[in-house]
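Computed from heavy atoms alone, side chains included, the values below leave out hydrogens, waters and symmetry copies. Per chain, numbering begins at 1; letters A, B, ... match sequence-line order.
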2 protein chains.
Amino acid sequence: MEATLDLFKELKSFSEPELQKEILKHAKFIKANKGDILIKEGQYLNFLPIVIKGLLRVYQQNEDREILLYYVGPEQTCMMSLSSAYFDYYSTANGIAMEQSEILVLPAHLIAEWQLKYPSWNKFILRTFKSRYDELLNAFGNVAFKPINVRLKEYLTAYVKNESSNKIPVSHQTLANDLGTTRVVISRILKQFEKEKLVKLHRGYIQLIS
Amino acid sequence: MEATLDLFKELKSFSEPELQKEILKHAKFIKANKGDILIKEGQYLNFLPIVIKGLLRVYQQNEDREILLYYVGPEQTCMMSLSSAYFDYYSTANGIAMEQSEILVLPAHLIAEWQLKYPSWNKFILRTFKSRYDELLNAFGNVAFKPINVRLKEYLTAYVKNESSNKIPVSHQTLANDLGTTRVVISRILKQFEKEKLVKLHRGYIQLIS
DNA sequence: TTAGATAAGTATCTTTTGATACACAAAATT
DNA sequence: AATTTTGTGTATCAAAAGATACTTATCTAA
(Lines give C-alpha, C1' and ligand atoms only; values in the text may rest on other atoms or scores of the structure.)
Protein backbone atom coordinates (compact mmCIF):
# COMPACT_ATOMS: atom_id res chain seq x y z
CA MET A 1 0.00 0.00 0.00
CA GLU A 2 2.94 2.31 0.59
CA ALA A 3 3.85 2.11 -3.06
CA THR A 4 0.33 3.16 -4.08
CA LEU A 5 0.51 6.09 -1.73
CA ASP A 6 3.74 7.23 -3.29
CA LEU A 7 2.23 6.96 -6.73
CA PHE A 8 -0.72 9.02 -5.61
CA LYS A 9 1.44 11.79 -4.22
CA GLU A 10 3.09 12.23 -7.56
CA LEU A 11 -0.16 12.92 -9.39
CA LYS A 12 -0.03 16.51 -10.51
CA SER A 13 -3.78 17.04 -10.52
CA PHE A 14 -3.86 16.79 -6.76
CA SER A 15 -0.66 18.51 -5.81
CA GLU A 16 -2.44 21.20 -3.80
CA PRO A 17 -1.36 20.31 -0.23
CA GLU A 18 -4.72 21.00 1.41
CA LEU A 19 -6.53 18.95 -1.18
CA GLN A 20 -4.08 16.11 -0.85
CA LYS A 21 -4.59 16.05 2.87
CA GLU A 22 -8.35 15.97 2.42
CA ILE A 23 -8.20 13.19 -0.11
CA LEU A 24 -6.03 11.06 2.11
CA LYS A 25 -8.40 11.68 4.95
CA HIS A 26 -11.50 10.52 3.12
CA ALA A 27 -10.31 8.15 0.45
CA LYS A 28 -10.10 4.42 0.44
CA PHE A 29 -7.54 2.63 -1.68
CA ILE A 30 -8.72 -0.53 -3.33
CA LYS A 31 -7.19 -3.09 -5.63
CA ALA A 32 -9.02 -4.58 -8.58
CA ASN A 33 -8.05 -7.72 -10.41
CA LYS A 34 -8.16 -8.15 -14.14
CA GLY A 35 -11.74 -8.82 -15.13
CA ASP A 36 -13.31 -7.35 -12.01
CA ILE A 37 -16.47 -5.48 -12.85
CA LEU A 38 -16.42 -2.21 -10.96
CA ILE A 39 -19.45 -0.46 -12.39
CA LYS A 40 -22.63 -1.95 -13.72
CA GLU A 41 -25.32 -0.35 -15.82
CA GLY A 42 -28.19 0.77 -13.63
CA GLN A 43 -26.05 0.83 -10.54
CA TYR A 44 -26.37 3.72 -8.16
CA LEU A 45 -22.93 5.24 -7.79
CA ASN A 46 -22.14 7.10 -4.63
CA PHE A 47 -18.41 7.03 -5.03
CA LEU A 48 -15.82 8.39 -7.39
CA PRO A 49 -12.95 6.15 -8.42
CA ILE A 50 -9.68 7.69 -9.45
CA VAL A 51 -7.25 5.31 -11.03
CA ILE A 52 -3.77 5.38 -9.56
CA LYS A 53 -2.38 2.46 -11.47
CA GLY A 54 -3.83 0.15 -14.09
CA LEU A 55 -6.62 0.54 -16.61
CA LEU A 56 -10.39 0.44 -16.61
CA ARG A 57 -12.56 -0.09 -19.63
CA VAL A 58 -15.92 1.62 -19.77
CA TYR A 59 -18.43 0.40 -22.31
CA GLN A 60 -22.07 0.25 -23.23
CA GLN A 61 -23.93 -2.96 -23.74
CA ASN A 62 -26.95 -3.95 -25.78
CA GLU A 63 -28.10 -7.53 -25.62
CA ASP A 64 -25.31 -9.45 -27.34
CA ARG A 65 -23.17 -6.52 -28.40
CA GLU A 66 -21.07 -3.93 -26.73
CA ILE A 67 -19.18 -0.80 -27.67
CA LEU A 68 -16.28 0.99 -26.08
CA LEU A 69 -16.82 4.37 -24.51
CA TYR A 70 -13.36 5.06 -23.12
CA TYR A 71 -10.51 3.78 -21.04
CA VAL A 72 -9.66 5.21 -17.62
CA GLY A 73 -5.95 5.34 -16.96
CA PRO A 74 -3.85 6.68 -14.08
CA GLU A 75 -4.79 10.11 -12.83
CA GLN A 76 -8.15 9.82 -14.52
CA THR A 77 -11.63 9.24 -13.32
CA CYS A 78 -14.74 7.77 -14.78
CA MET A 79 -17.31 10.03 -16.34
CA MET A 80 -20.11 7.72 -15.35
CA SER A 81 -19.24 7.94 -11.71
CA LEU A 82 -18.65 11.63 -11.85
CA SER A 83 -21.90 12.24 -13.57
CA SER A 84 -24.00 10.03 -11.39
CA ALA A 85 -22.20 10.83 -8.18
CA TYR A 86 -22.51 14.54 -8.70
CA PHE A 87 -26.13 14.46 -9.70
CA ASP A 88 -27.36 11.46 -7.83
CA TYR A 89 -28.02 9.31 -10.83
CA TYR A 90 -27.55 5.81 -12.06
CA SER A 91 -24.77 4.61 -14.27
CA THR A 92 -25.60 4.03 -17.90
CA ALA A 93 -22.46 2.10 -18.65
CA ASN A 94 -20.25 -0.70 -17.40
CA GLY A 95 -16.71 -0.56 -16.10
CA ILE A 96 -14.26 -3.43 -15.94
CA ALA A 97 -10.62 -3.64 -14.91
CA MET A 98 -8.39 -4.53 -17.85
CA GLU A 99 -5.45 -5.33 -15.65
CA GLN A 100 -4.56 -5.43 -11.99
CA SER A 101 -5.39 -1.88 -10.92
CA GLU A 102 -5.10 0.34 -7.89
CA ILE A 103 -7.89 2.77 -7.34
CA LEU A 104 -8.59 5.60 -4.99
CA VAL A 105 -12.23 5.79 -4.00
CA LEU A 106 -13.88 8.97 -2.79
CA PRO A 107 -17.36 9.44 -1.32
CA ALA A 108 -19.60 11.18 -3.82
CA HIS A 109 -20.69 14.11 -1.67
CA LEU A 110 -17.18 15.50 -1.56
CA ILE A 111 -17.09 16.11 -5.28
CA ALA A 112 -19.45 19.06 -5.18
CA GLU A 113 -18.04 20.36 -1.93
CA TRP A 114 -14.48 20.51 -3.20
CA GLN A 115 -15.60 22.03 -6.47
CA LEU A 116 -15.82 25.43 -4.86
CA LYS A 117 -13.05 24.95 -2.36
CA TYR A 118 -10.08 23.68 -4.32
CA PRO A 119 -9.21 25.21 -7.69
CA SER A 120 -7.14 22.24 -8.74
CA TRP A 121 -10.03 19.90 -7.98
CA ASN A 122 -12.35 22.15 -9.91
CA LYS A 123 -10.01 22.01 -12.83
CA PHE A 124 -9.68 18.27 -12.58
CA ILE A 125 -13.42 17.77 -12.68
CA LEU A 126 -13.95 20.09 -15.61
CA ARG A 127 -11.04 18.67 -17.51
CA THR A 128 -12.57 15.25 -17.04
CA PHE A 129 -15.95 16.39 -18.31
CA LYS A 130 -14.40 18.15 -21.24
CA SER A 131 -12.10 15.40 -22.41
CA ARG A 132 -14.69 12.67 -21.96
CA TYR A 133 -17.16 14.74 -23.90
CA ASP A 134 -14.69 15.27 -26.70
CA GLU A 135 -13.90 11.59 -26.86
CA LEU A 136 -17.53 10.66 -26.98
CA LEU A 137 -18.34 13.27 -29.58
CA ASN A 138 -15.58 11.97 -31.75
CA ALA A 139 -16.77 8.40 -31.33
CA PHE A 140 -20.30 9.49 -32.12
CA GLY A 141 -19.26 11.15 -35.34
CA ASN A 142 -17.33 8.06 -36.31
CA VAL A 143 -20.18 5.67 -35.66
CA ALA A 144 -22.65 7.92 -37.42
CA PHE A 145 -20.63 8.59 -40.55
CA LYS A 146 -17.85 6.10 -41.08
CA PRO A 147 -18.16 2.50 -42.21
CA ILE A 148 -16.66 -0.14 -39.98
CA ASN A 149 -13.63 -0.84 -42.15
CA VAL A 150 -12.54 2.79 -41.86
CA ARG A 151 -13.15 2.81 -38.13
CA LEU A 152 -11.17 -0.39 -37.77
CA LYS A 153 -8.27 1.01 -39.74
CA GLU A 154 -8.24 4.13 -37.60
CA TYR A 155 -8.44 2.06 -34.46
CA LEU A 156 -5.41 0.02 -35.44
CA THR A 157 -3.29 2.96 -36.50
CA ALA A 158 -4.22 4.87 -33.36
CA TYR A 159 -3.21 1.83 -31.36
CA VAL A 160 0.32 1.60 -32.67
CA LYS A 161 0.81 5.33 -32.47
CA ASN A 162 1.25 5.07 -28.71
CA GLU A 163 3.41 1.97 -28.86
CA SER A 164 6.94 1.27 -29.93
CA SER A 165 5.92 -1.98 -31.59
CA ASN A 166 3.57 -2.42 -34.53
CA LYS A 167 2.09 -5.56 -33.04
CA ILE A 168 -1.42 -5.20 -31.71
CA PRO A 169 -2.10 -7.93 -29.16
CA VAL A 170 -5.86 -7.88 -29.50
CA SER A 171 -8.25 -10.60 -30.57
CA HIS A 172 -10.88 -10.13 -33.24
CA GLN A 173 -13.57 -10.49 -30.61
CA THR A 174 -12.10 -7.67 -28.58
CA LEU A 175 -11.98 -5.44 -31.62
CA ALA A 176 -15.61 -6.28 -32.28
CA ASN A 177 -16.47 -5.34 -28.71
CA ASP A 178 -14.66 -2.05 -28.92
CA LEU A 179 -16.13 -1.10 -32.27
CA GLY A 180 -19.65 -2.24 -31.59
CA THR A 181 -19.93 -5.02 -34.13
CA THR A 182 -19.48 -8.79 -34.35
CA ARG A 183 -16.41 -10.95 -34.61
CA VAL A 184 -17.20 -12.26 -38.08
CA VAL A 185 -17.39 -8.77 -39.47
CA ILE A 186 -14.00 -7.90 -38.01
CA SER A 187 -12.38 -11.10 -39.28
CA ARG A 188 -13.75 -10.45 -42.74
CA ILE A 189 -12.44 -6.91 -42.89
CA LEU A 190 -9.07 -7.85 -41.44
CA LYS A 191 -8.71 -10.53 -44.09
CA GLN A 192 -9.39 -7.87 -46.68
CA PHE A 193 -6.72 -5.68 -45.09
CA GLU A 194 -4.31 -8.57 -45.28
CA LYS A 195 -4.98 -8.96 -48.98
CA GLU A 196 -4.23 -5.26 -49.36
CA LYS A 197 -0.94 -5.84 -47.48
CA LEU A 198 -1.96 -3.48 -44.72
CA VAL A 199 -1.64 -6.05 -41.96
CA LYS A 200 -0.39 -9.50 -41.24
CA LEU A 201 -2.68 -11.66 -39.14
CA HIS A 202 -1.63 -13.98 -36.36
CA ARG A 203 -3.33 -15.75 -33.53
CA GLY A 204 -3.65 -13.28 -30.71
CA TYR A 205 -2.15 -10.30 -32.44
CA ILE A 206 -2.16 -8.22 -35.58
CA GLN A 207 0.93 -6.86 -37.23
CA LEU A 208 0.55 -3.53 -38.90
CA ILE A 209 2.50 -3.02 -42.11
CA SER A 210 3.06 0.61 -42.88
CA MET B 1 -34.47 44.89 -25.52
CA GLU B 2 -36.28 45.59 -22.29
CA ALA B 3 -38.41 42.52 -22.80
CA THR B 4 -35.32 40.37 -23.19
CA LEU B 5 -33.92 41.77 -20.02
CA ASP B 6 -37.06 40.86 -18.15
CA LEU B 7 -36.92 37.35 -19.50
CA PHE B 8 -33.34 37.06 -18.40
CA LYS B 9 -34.10 38.16 -14.87
CA GLU B 10 -36.58 35.37 -14.50
CA LEU B 11 -34.07 32.64 -15.26
CA LYS B 12 -33.61 30.65 -12.09
CA SER B 13 -30.09 29.50 -12.85
CA PHE B 14 -28.82 33.04 -12.43
CA SER B 15 -30.94 34.27 -9.58
CA GLU B 16 -27.96 34.94 -7.34
CA PRO B 17 -27.97 38.76 -7.17
CA GLU B 18 -24.21 39.21 -7.37
CA LEU B 19 -24.00 36.92 -10.34
CA GLN B 20 -26.84 38.64 -12.09
CA LYS B 21 -25.15 41.97 -11.65
CA GLU B 22 -21.92 40.59 -13.06
CA ILE B 23 -23.65 39.05 -16.04
CA LEU B 24 -25.43 42.25 -16.89
CA LYS B 25 -22.17 44.10 -16.59
CA HIS B 26 -20.28 41.90 -19.05
CA ALA B 27 -22.89 40.39 -21.31
CA LYS B 28 -24.07 41.45 -24.69
CA PHE B 29 -27.56 40.65 -25.87
CA ILE B 30 -27.88 39.67 -29.48
CA LYS B 31 -30.71 38.65 -31.75
CA ALA B 32 -30.43 35.86 -34.27
CA ASN B 33 -32.74 35.26 -37.18
CA LYS B 34 -33.98 31.90 -38.28
CA GLY B 35 -31.25 30.23 -40.27
CA ASP B 36 -28.41 32.30 -38.87
CA ILE B 37 -25.34 30.20 -38.35
CA LEU B 38 -23.89 31.07 -34.97
CA ILE B 39 -21.17 28.48 -34.62
CA LYS B 40 -19.12 26.83 -37.30
CA GLU B 41 -16.97 23.75 -37.10
CA GLY B 42 -13.34 24.72 -36.62
CA GLN B 43 -14.24 28.14 -35.31
CA TYR B 44 -12.39 29.45 -32.31
CA LEU B 45 -14.96 30.28 -29.68
CA ASN B 46 -14.15 32.90 -27.13
CA PHE B 47 -17.68 33.51 -26.03
CA LEU B 48 -20.45 31.63 -24.32
CA PRO B 49 -23.98 32.01 -25.64
CA ILE B 50 -26.88 31.52 -23.28
CA VAL B 51 -30.24 31.33 -24.96
CA ILE B 52 -32.87 33.60 -23.48
CA LYS B 53 -35.53 32.97 -26.04
CA GLY B 54 -35.70 30.81 -29.14
CA LEU B 55 -33.92 27.64 -30.16
CA LEU B 56 -30.52 26.68 -31.51
CA ARG B 57 -29.72 23.45 -33.26
CA VAL B 58 -26.25 21.99 -32.82
CA TYR B 59 -25.15 19.32 -35.25
CA GLN B 60 -22.20 17.55 -36.76
CA GLN B 61 -21.51 17.48 -40.45
CA ASN B 62 -19.72 15.08 -42.75
CA GLU B 63 -19.56 15.94 -46.39
CA ASP B 64 -23.15 15.64 -47.56
CA ARG B 65 -24.68 14.37 -44.36
CA GLU B 66 -25.35 15.74 -40.93
CA ILE B 67 -26.56 14.48 -37.58
CA LEU B 68 -28.19 16.23 -34.67
CA LEU B 69 -26.29 16.63 -31.43
CA TYR B 70 -28.79 18.63 -29.39
CA TYR B 71 -31.01 21.64 -29.25
CA VAL B 72 -30.26 24.62 -27.03
CA GLY B 73 -33.38 26.17 -25.56
CA PRO B 74 -33.96 29.02 -23.12
CA GLU B 75 -31.79 29.01 -20.01
CA GLN B 76 -29.39 26.62 -21.70
CA THR B 77 -25.99 26.99 -23.19
CA CYS B 78 -24.05 25.23 -25.85
CA MET B 79 -21.66 22.50 -24.89
CA MET B 80 -19.39 23.32 -27.81
CA SER B 81 -18.91 26.86 -26.66
CA LEU B 82 -18.55 25.89 -23.06
CA SER B 83 -16.00 23.30 -23.88
CA SER B 84 -13.96 25.36 -26.26
CA ALA B 85 -14.30 28.57 -24.32
CA TYR B 86 -13.20 26.99 -21.09
CA PHE B 87 -10.30 25.14 -22.56
CA ASP B 88 -9.33 27.35 -25.40
CA TYR B 89 -10.32 25.00 -28.16
CA TYR B 90 -12.07 24.96 -31.46
CA SER B 91 -15.62 23.97 -32.04
CA THR B 92 -16.23 20.54 -33.49
CA ALA B 93 -19.84 21.20 -34.37
CA ASN B 94 -22.16 23.70 -36.00
CA GLY B 95 -24.90 25.77 -34.46
CA ILE B 96 -27.82 27.34 -36.27
CA ALA B 97 -30.84 29.32 -35.08
CA MET B 98 -34.07 27.40 -35.67
CA GLU B 99 -36.21 30.44 -35.04
CA GLN B 100 -35.82 34.08 -34.17
CA SER B 101 -33.77 33.90 -30.97
CA GLU B 102 -32.43 36.16 -28.29
CA ILE B 103 -29.10 35.28 -26.87
CA LEU B 104 -26.93 36.49 -24.08
CA VAL B 105 -23.26 36.40 -24.94
CA LEU B 106 -20.52 36.23 -22.33
CA PRO B 107 -16.76 36.56 -22.80
CA ALA B 108 -15.09 33.20 -22.38
CA HIS B 109 -12.62 34.09 -19.68
CA LEU B 110 -15.39 34.72 -17.17
CA ILE B 111 -16.55 31.14 -17.23
CA ALA B 112 -13.62 29.82 -15.28
CA GLU B 113 -13.47 32.83 -13.02
CA TRP B 114 -17.07 32.55 -11.93
CA GLN B 115 -16.75 28.82 -11.47
CA LEU B 116 -15.11 29.32 -8.12
CA LYS B 117 -16.91 32.49 -7.19
CA TYR B 118 -20.59 31.79 -7.72
CA PRO B 119 -22.09 28.49 -6.61
CA SER B 120 -25.12 28.87 -8.85
CA TRP B 121 -22.86 29.46 -11.84
CA ASN B 122 -20.80 26.46 -10.88
CA LYS B 123 -23.94 24.39 -10.75
CA PHE B 124 -25.14 25.73 -14.07
CA ILE B 125 -21.91 24.79 -15.79
CA LEU B 126 -21.80 21.32 -14.33
CA ARG B 127 -25.45 20.70 -15.03
CA THR B 128 -24.79 21.65 -18.62
CA PHE B 129 -21.86 19.30 -18.90
CA LYS B 130 -23.78 16.51 -17.29
CA SER B 131 -26.96 16.78 -19.29
CA ARG B 132 -25.20 17.26 -22.60
CA TYR B 133 -23.06 14.27 -21.84
CA ASP B 134 -26.09 12.16 -21.04
CA GLU B 135 -27.82 13.21 -24.21
CA LEU B 136 -24.81 12.42 -26.30
CA LEU B 137 -24.27 9.09 -24.61
CA ASN B 138 -27.83 8.15 -25.31
CA ALA B 139 -27.55 9.22 -28.93
CA PHE B 140 -24.33 7.28 -29.24
CA GLY B 141 -25.89 4.10 -27.95
CA ASN B 142 -28.79 4.54 -30.34
CA VAL B 143 -26.62 5.07 -33.37
CA ALA B 144 -24.37 2.18 -32.44
CA PHE B 145 -27.06 -0.38 -31.71
CA LYS B 146 -30.39 0.54 -33.18
CA PRO B 147 -31.46 0.39 -36.83
CA ILE B 148 -32.78 3.56 -38.35
CA ASN B 149 -36.42 2.56 -38.37
CA VAL B 150 -36.35 2.10 -34.60
CA ARG B 151 -34.56 5.39 -34.12
CA LEU B 152 -37.05 7.12 -36.35
CA LYS B 153 -39.98 5.66 -34.45
CA GLU B 154 -38.48 6.80 -31.16
CA TYR B 155 -37.81 10.22 -32.58
CA LEU B 156 -41.41 10.64 -33.63
CA THR B 157 -42.90 9.40 -30.38
CA ALA B 158 -40.52 11.55 -28.36
CA TYR B 159 -41.59 14.50 -30.48
CA VAL B 160 -45.28 14.25 -29.75
CA LYS B 161 -44.65 13.54 -26.09
CA ASN B 162 -43.88 17.22 -25.51
CA GLU B 163 -46.69 18.47 -27.70
CA SER B 164 -50.42 18.59 -27.35
CA SER B 165 -50.92 17.66 -31.00
CA ASN B 166 -49.89 14.45 -32.71
CA LYS B 167 -48.89 16.30 -35.86
CA ILE B 168 -45.20 16.53 -36.46
CA PRO B 169 -44.45 19.47 -38.74
CA VAL B 170 -41.14 18.20 -40.00
CA SER B 171 -40.02 17.34 -43.51
CA HIS B 172 -38.41 14.06 -44.43
CA GLN B 173 -35.20 15.90 -45.22
CA THR B 174 -35.11 17.38 -41.73
CA LEU B 175 -35.64 13.97 -40.19
CA ALA B 176 -32.79 12.66 -42.30
CA ASN B 177 -30.57 15.48 -41.08
CA ASP B 178 -31.42 14.84 -37.46
CA LEU B 179 -30.94 11.11 -37.68
CA GLY B 180 -27.82 11.15 -39.80
CA THR B 181 -29.14 9.50 -42.92
CA THR B 182 -30.62 10.47 -46.29
CA ARG B 183 -34.08 11.62 -47.32
CA VAL B 184 -34.84 8.56 -49.42
CA VAL B 185 -34.20 6.26 -46.51
CA ILE B 186 -36.57 8.23 -44.31
CA SER B 187 -39.30 8.35 -46.94
CA ARG B 188 -39.02 4.61 -47.43
CA ILE B 189 -39.32 3.83 -43.73
CA LEU B 190 -42.15 6.29 -43.23
CA LYS B 191 -44.06 4.65 -46.06
CA GLN B 192 -43.61 1.36 -44.29
CA PHE B 193 -44.92 2.93 -41.08
CA GLU B 194 -47.94 4.16 -43.00
CA LYS B 195 -48.63 0.65 -44.24
CA GLU B 196 -48.48 -0.50 -40.64
CA LYS B 197 -50.98 2.20 -39.74
CA LEU B 198 -48.55 3.87 -37.39
CA VAL B 199 -48.58 7.22 -39.16
CA LYS B 200 -50.40 9.14 -41.82
CA LEU B 201 -48.21 11.08 -44.20
CA HIS B 202 -48.87 14.57 -45.48
CA ARG B 203 -46.87 17.22 -47.18
CA GLY B 204 -44.98 19.09 -44.50
CA TYR B 205 -46.11 17.06 -41.54
CA ILE B 206 -46.58 13.58 -40.19
CA GLN B 207 -49.57 12.49 -38.23
CA LEU B 208 -48.92 9.95 -35.54
CA ILE B 209 -51.72 7.46 -34.99
CA SER B 210 -52.49 6.50 -31.37
C1' DT C 1 -1.89 -36.48 -23.74
C1' DT C 2 -6.28 -35.46 -24.04
C1' DA C 3 -10.36 -32.49 -23.50
C1' DG C 4 -12.00 -28.12 -23.49
C1' DA C 5 -11.61 -23.37 -24.38
C1' DT C 6 -10.28 -19.73 -27.27
C1' DA C 7 -8.99 -17.69 -31.77
C1' DA C 8 -9.56 -17.43 -36.39
C1' DG C 9 -11.13 -18.63 -41.43
C1' DT C 10 -14.79 -18.90 -44.43
C1' DA C 11 -19.16 -19.84 -47.02
C1' DT C 12 -23.95 -18.69 -47.57
C1' DC C 13 -27.86 -16.04 -47.14
C1' DT C 14 -30.64 -12.05 -45.61
C1' DT C 15 -31.44 -7.53 -44.24
C1' DT C 16 -30.29 -2.86 -44.02
C1' DT C 17 -28.64 1.01 -45.84
C1' DG C 18 -27.05 3.86 -49.40
C1' DA C 19 -26.80 5.89 -54.18
C1' DT C 20 -29.04 7.47 -58.24
C1' DA C 21 -32.55 8.79 -61.08
C1' DC C 22 -36.89 10.30 -62.28
C1' DA C 23 -41.91 11.61 -61.64
C1' DC C 24 -45.33 14.37 -59.65
C1' DA C 25 -47.68 17.66 -56.76
C1' DA C 26 -48.03 21.45 -53.66
C1' DA C 27 -46.17 25.75 -52.22
C1' DA C 28 -43.81 30.00 -53.08
C1' DT C 29 -42.14 33.45 -56.09
C1' DT C 30 -42.10 36.24 -60.04
C1' DA D 1 -50.53 32.67 -64.75
C1' DA D 2 -46.02 30.92 -65.32
C1' DT D 3 -41.87 29.40 -63.16
C1' DT D 4 -39.11 27.77 -59.56
C1' DT D 5 -38.49 25.60 -55.28
C1' DT D 6 -39.58 22.26 -52.01
C1' DG D 7 -41.53 17.95 -50.50
C1' DT D 8 -42.64 13.39 -51.49
C1' DG D 9 -43.12 8.69 -53.93
C1' DT D 10 -40.78 5.08 -55.89
C1' DA D 11 -37.91 1.91 -58.76
C1' DT D 12 -33.45 -0.13 -59.39
C1' DC D 13 -28.97 -1.44 -58.21
C1' DA D 14 -24.95 -1.89 -55.20
C1' DA D 15 -22.61 -2.14 -51.02
C1' DA D 16 -22.34 -2.84 -46.10
C1' DA D 17 -23.42 -5.31 -42.29
C1' DG D 18 -25.45 -8.94 -39.77
C1' DA D 19 -26.81 -13.95 -38.79
C1' DT D 20 -25.65 -18.68 -38.84
C1' DA D 21 -23.10 -22.51 -39.26
C1' DC D 22 -19.24 -25.20 -39.65
C1' DT D 23 -14.07 -25.92 -39.84
C1' DT D 24 -9.45 -25.70 -38.41
C1' DA D 25 -5.87 -24.19 -35.55
C1' DT D 26 -3.64 -23.17 -31.14
C1' DC D 27 -3.39 -22.76 -26.35
C1' DT D 28 -4.42 -24.32 -21.50
C1' DA D 29 -5.33 -27.09 -17.96
C1' DA D 30 -6.83 -31.41 -16.10
Side-chain angles (χ1 to χ4, degrees), chain A residues 34-35 61-67 96 98 141-156 159 167-208, chain B residues 34-35 61-67 96 98 141-156 159 167-208:
Chain A
K34 182 174 172 171
Q61 209 160 23
N62 183 272
E63 286 144 46
D64 51 336
R65 284 208 239 155
E66 55 183 61
I67 192 165
I96 188 173
M98 296 297 282
N142 283 340
V143 172
F145 296 129
K146 296 181 186 171
I148 303 184
N149 58 352
V150 173
R151 285 164 54 212
L152 178 56
K153 196 178 290 180
E154 289 177 356
Y155 184 105
L156 296 177
Y159 196 107
K167 287 184 184 173
I168 302 161
V170 170
S171 75
H172 297 187
Q173 183 60 60
T174 304
L175 290 169
N177 288 343
D178 278 6
L179 294 172
T181 183
T182 58
R183 201 268 311 168
V184 184
V185 171
I186 295 292
S187 294
R188 185 196 290 156
I189 295 170
L190 282 175
K191 210 66 202 170
Q192 183 56 34
F193 286 175
E194 196 174 45
K195 272 184 199 150
E196 298 167 9
K197 309 270 181 212
L198 296 172
V199 300
K200 209 161 169 214
L201 301 180
H202 308 267
R203 184 193 171 91
Y205 71 96
I206 296 160
Q207 200 174 347
L208 212 66
Chain B
K34 182 172 172 173
Q61 208 160 24
N62 183 270
E63 284 142 47
D64 51 335
R65 285 211 237 153
E66 55 182 60
I67 191 165
I96 188 172
M98 295 297 283
N142 283 341
V143 172
F145 296 128
K146 296 181 185 171
I148 303 183
N149 57 353
V150 173
R151 285 165 52 212
L152 177 55
K153 195 177 290 177
E154 289 177 355
Y155 184 104
L156 297 176
Y159 196 105
K167 286 184 184 174
I168 303 162
V170 170
S171 76
H172 297 188
Q173 183 60 60
T174 304
L175 289 170
N177 288 343
D178 278 6
L179 294 172
T181 183
T182 59
R183 200 270 310 170
V184 183
V185 170
I186 296 291
S187 294
R188 185 196 291 155
I189 295 171
L190 281 175
K191 210 66 202 168
Q192 182 56 34
F193 286 175
E194 195 174 46
K195 273 185 198 148
E196 298 167 10
K197 309 271 183 214
L198 296 171
V199 299
K200 208 160 172 218
L201 300 181
H202 308 265
R203 184 193 170 91
Y205 70 97
I206 296 160
Q207 199 174 348
L208 214 65

> Starting from P on D:dG18, measure out to CD on A:Glu66 and report it in whole angstrom.
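Spelled out: CD on A:Glu66 to P on D:dG18 is 14 Å.
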
> Once you round to the nearest 0.5 Å, how far does CD1 of B:Ile148 lie from OG1 of B:Thr181?
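Output value for this atom pair is 3.5 Å.
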
> What's the verdict on side chain to side chain contact (heavy atoms under 4.5 Å, CB included) for A:Leu198 and A:Lys153, showing C-alpha distance, side-chain angles and the deciding distance?
CA-CA 9 Å; A:Leu198 296 172; A:Lys153 196 178 290 180; 3.8 Å; yes

> Expressed as a whole number of angstroms, how long is the span from B:Ile168:CD1 to D:dG7:P?
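Taking CD1 of B:Ile168 and P of D:dG7, I get 16 Å after rounding.
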
> Could you give me the CA-CA distance, side-chain angles and deciding distance for A:Met98 and A:Lys34, then say whether side chain to side chain contact (heavy atoms under 4.5 Å, CB included) is met?
CA-CA 5 Å; A:Met98 296 297 282; A:Lys34 182 174 172 171; over 6 Å; no

> Going from CZ on B:Arg188 to CG on B:Leu152, what distance comes out if it is rounded to the nearest 0.5 angstrom?
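So the gap between those two atoms works out to 12.5 Å.
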
> Nearest 0.5 Å please: distance from the NE2 atom of A:His172 over to the CD1 atom of A:Ile189.
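Interatomic distance, A:His172 NE2 to A:Ile189 CD1, rounded to 0.5 Å: 11.0 Å.
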
> Can you tell if the side chain of A:Leu208 reaches within under 4.5 Å of the side chain of A:Tyr159, non-hydrogen atoms only?
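Not touching, per the 4.5 Å side-chain cut-off.
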
> How bent is the helix from C:dT1-D:dA30 to C:dT30-D:dA1, measuring the angle between the end axes built from five pairs each, rounded to 10°?
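Rounded value for the end-axis angle: 40°.
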
> Please round to the nearest 0.5 Å and tell me the distance separating atom NZ of A:Lys200 and atom OH of A:Tyr205.
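Going from the NZ atom of A:Lys200 to the OH atom of A:Tyr205 covers 8.0 Å.
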
> Rounded to the nearest 0.5 Å, what's the gap from CG on A:Asn62 to CD1 on A:Ile67? Could you check?
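The distance works out to 10.5 Å.
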
> What does the B/S/- profile of nucleotides 25-30 of chain D look like, 5' to 3', with a 4.0 Å heavy-atom cutoff to protein?
BBS---

> Residues from residues 170-177 of chain B sitting under 4.0 Å of DNA chain D, heavy atoms only?
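By residue number: B:Ser171, B:His172.
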
> So that I can tick it off, tell me whether B:Arg151 and B:Glu154 are bridged by a salt bridge, with the cut-off set at under 4.0 angstrom between side-chain N and carboxylate O.
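Salt bridge flag = no for B:Arg151 with B:Glu154.
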
> Hey, is the main chain of A:Gly180 close enough, under 3.5 Å, to the side chain of A:Arg65 for a donor-acceptor pair?
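Between the backbone of A:Gly180 and the side chain of A:Arg65 there is a qualifying donor-acceptor contact (under 3.5 Å).
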
> Hey, mind stepping through A:Ile168 and A:Leu175 against side chain to side chain contact (heavy atoms under 4.5 Å, CB included) and telling me if it holds?
CA-CA 11 Å; A:Ile168 302 161; A:Leu175 290 169; 5.6 Å; no

> In residues 144-152 of chain B, what residues come within less than 4.0 Å of DNA chain C, judged by heavy atoms?
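When residues 144-152 of chain B is checked for heavy atoms under 4.0 Å from DNA chain C, the hits, listed by number, are B:Pro147, B:Ile148.
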
> What parts of residues 183-190 of chain B reach DNA chain C, counting only heavy atoms under 4.0 Å away?
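Output list: B:Val184, B:Val185, B:Arg188.
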
> Give the first and the last nucleotide of DNA chain C, reading 5' to 3', that has any atom under 4.0 Å from a heavy atom of chain A.
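Answer, 5' to 3': C:dT6 to C:dA11.
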
> Looking at CD1 of A:Ile186 and CG of A:Leu179, how far apart are the two atoms once the value is rounded to the nearest 0.5 Å?
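One finds 5.0 Å between CD1 of A:Ile186 and CG of A:Leu179.
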
